[in-house]
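Comments concern the structure below.
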There are 2 protein chains.
Amino acid sequence: MSNSRPRQRMKPCCMELEGGIRNRGLRMTLPRQLVAQVLESADGYLSAEDIYSIIREEYPAIGLATVYRTLVLLDEMGIVNRYNFGEGRARYIAAEDQTAEHHHQLICERCYKVIKYSDFSEDERELYKKVESVLSEKHGFEIKRHIVQFHGICPDCRKESQNESSNSDV
Amino acid sequence: MSNSRPRQRMKPCCMELEGGIRNRGLRMTLPRQLVAQVLESADGYLSAEDIYSIIREEYPAIGLATVYRTLVLLDEMGIVNRYNFGEGRARYIAAEDQTAEHHHQLICERCYKVIKYSDFSEDERELYKKVESVLSEKHGFEIKRHIVQFHGICPDCRKESQNESSNSDV
DNA sequence: CTGACTGCAAACCCTTTGCATCATC
DNA sequence: GATGATGCAAAGGGTTTGCAGTCAG
């Protein structure tokens, strides 16, 4: 009582992923390709469930547990980055964006909408680098990445709360 | 089958908390005092379970659910701040430290040790303020706070991984 | 006294794990 | 073929919620 869902074959692609996988003596499989692909072509932060839903449309045989397992793997390999915006669930994004075009976030406390931005000033860029090296030396940490988030209320949610109470003094 | 644990009476204290509670037409109770107190006298980031354990030593009648409920309340009131360091559980810290002596964090990816620091340079302080106002205007956000975290490996965990493999090239 | 608050236990939700089966190498 | 990877279902761990009893105002 197990093969209600036939497993599907891998299709050949995803050069980038393959290197990491093969290096570690692991196998290249369809689910791994799909998860990586979905994240690469996504423009925002996706939850495991999001990724699962997208994959499911075309490949209903893939299971959620595998998506989770794959995300752990891709995170360890540095191909994706995991974020936690306080929703009670993790969100993932392709790591390229993270290195080549590093970004920070603006997060709505109400609806958890996330806006990412990477148009830093030169001052900003330099400062983070400097702070990183100072901290690294001072505390003996090997710093791998940093997270900068601004939390607040997005325009939509601000409107909503205005509509609810005209005498706003909270 | 309910009163195995007698509830305890409130003791008078915590001026600061009381204001917020009373303002909202809520009631001042012992659990609320205790949670606030524990967080105020703590020097690090505590999980709900941590807080529960500490309270439990002296007041075994208080329940974990109440601690959670209180933390939601205190967070909403701005008395504590909730952080998520990726452990899969939230951690809390008294908000005073957050405003008066705002701090950022250095987090170990392995053991989740958290070092907080607040010895910012003047450059740093100014930059964050500037970025905040720029973003706020550009995206229409009402920014309430920011989170800056540097993730890496702490000295202890670095030692450990060296011991495991003498030929370290990871 | 009344309704807010609590403790308890059960429910929830996200994530991980065990196991038999399947497919990559 | 051998063994790593998968799908499913069940377990785990943190957090929330329903409910009846309790206490602050």
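Here is the naming used below: chain letters follow the sequence lines, and residue numbers restart at 1 for every chain.
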Rounded interatomic separation in angstrom, taking [atom1] from [X] and [atom2] from [N]:
X	N	atom1	atom2	answer
A:L30	D:dG4	CG	C1'	16 Å
B:I21	D:dC23	CD1	C1'	15 Å
B:L64	D:dG13	CG	P	15 Å
A:Y52	C:dT15	OH	C1'	14 Å
B:E76	D:dT16	CD	P	11 Å
B:D75	D:dT15	CG	P	13 Å
B:Y59	C:dT6	OH	P	15 Å
B:N23	D:dG25	CG	P	14 Å

ILVMFWY clustering at 4.5 Å (side-chain atoms), partners of B:L106: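 ILVMFWY cluster around B:L106 also holds A:L106, A:I115, A:Y117, A:F120, A:L127, A:Y128, A:V131, A:L135, A:F141, A:I143, A:V148, A:F150, B:I115, B:Y117, B:F120, B:L127, B:Y128, B:V131, B:L135, B:F141, B:I143, B:V148, B:F150.
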Between [N] and [X], is there an OP1 or OP2 to side-chain N/O distance shorter than 4.0 Å?
X	N	value
B:R32	D:dA24	no
A:T66	D:dG7	yes
B:S47	D:dG14	no
A:R22	C:dC25	yes

Short N/O separations, protein against nucleotides 12-14 of chain C, under 3.5 angstrom:
{"unit_1": "C:dC14", "atom_1": "OP1", "unit_2": "A:R89", "atom_2": "NH1", "d": "3.3"}

Return the 5'-most residue of the pair B:R82, A:L26 with respect to DNA chain D, ranking by each residue's nearest nucleotide. A:L26
Let me see the working for A:S53 and A:D50 under side chain to side chain donor-acceptor pair (under 3.5 Å), right down to the final yes or no. CA-CA 5 Å; A:S53 301; A:D50 291 339; 5.7 Å; no
Not counting sequence neighbours, which residues clear side-chain hydrogen bond (donor to acceptor under 3.5 Å, both in side chains) with [X]? List them please.
X	value
B:K113	B:D156
B:S136	none
A:D119	B:K138

Compute the bend angle of the helix from C:dC1-D:dG25 to C:dC25-D:dG1 from the end axes (five pairs per end), rounded to 10°.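 End axes: 40° apart.
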Transitive ILVMFWY side-chain link [X] to [Y], under 4.5 Å:
X	Y	result
B:I153	A:I147	no
A:L26	A:L39	yes
A:L17	A:V80	yes
B:L46	B:Y59	yes

Would you say the side-chain atoms of A:Q105 and A:Y45 include a donor-acceptor pair closer than 3.5 Å? yes
Select one nucleotide: of D:dG4, C:dT16, C:dG7, the one nearest the side-chain heavy atoms of A:R27.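 Within the option list, the nearest is D:dG4.
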Which nucleotide sits closest to the side chain of B:P31: C:dT6, C:dT15, C:dA9? C:dT6
Spell out yes or no: do the side chain of A:R69 and the base of D:dG7 have one donor N/O and one acceptor N/O closer than 3.5 Å?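 Under the 3.5 Å cut-off, the side chain and the base do form a donor-acceptor pair.
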